[in-house]
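Numbers for residues simply follow the sequence, beginning at 1.
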Amino acid sequence: MSAKINLSFKDTEEEKELLKWIETKSKIIGKSNYIKQVLYQEMLKEKSE
């Protein structure tokens with residue numbers, strides 16, 4: 001199964017900062033893969049609680 005999710009960032013300071021952080025962290029693996037990695041880690045953390 002393949003699915004796509006669109007992600008938009010508003011023109012607020014917080015969301016600009018978040019986007020910049022994602023871009024910095026994802027230089028090697030790409031933004032999409034980095035976001036999936038972060039979400040996967042959060043999912044595992046939630047399951048273990």
(message) Looking at every non-hydrogen atom in both residues, tell me the closest pair between Ser26 and Lys31 and how far apart they are.
(response) OG-CG, 3.3 Å
(message) Once side chain to side chain contact (heavy atoms under 4.5 Å, CB included) is applied, do any residues pair with Lys45, and if so which ones, sequence neighbours excluded?
(response) Glu42, Glu49
(message) Which Ile, Leu, Val, Met, Phe, Trp or Tyr residues join Leu39 in one cluster when any pair of side-chain heavy atoms under 4.5 Å counts as a link?
(response) Leu7, Phe9, Leu18, Leu19, Trp21, Ile22, Ile28, Ile29, Tyr34, Ile35, Val38
(message) So, using side chain to side chain contact (heavy atoms under 4.5 Å, CB included) as the criterion, who are the partners of Lys47 when residues are at least two apart?
(response) Met43
(request) With sequence neighbours excluded, tell me which residues meet side chain to side chain donor-acceptor pair (under 3.5 Å) with Lys25. (result) none
(request) Enumerate the residue pairs fulfilling salt bridge (Lys or Arg N to Asp or Glu O under 4.0 Å) with a member in residues 2-12, sequence neighbours excluded, ordered by first and then second residue. (result) Asp11-Lys16
(message) If you count every heavy atom of other residues, nucleotides or ligands that lies below 6.0 Å from Leu44 atom CG, does the total exceed 12?
(response) yes
(message) Test of understanding: with side chain to side chain contact (heavy atoms under 4.5 Å, CB included), list the residues that count as partners of Glu17, not counting sequence neighbours.
(response) none
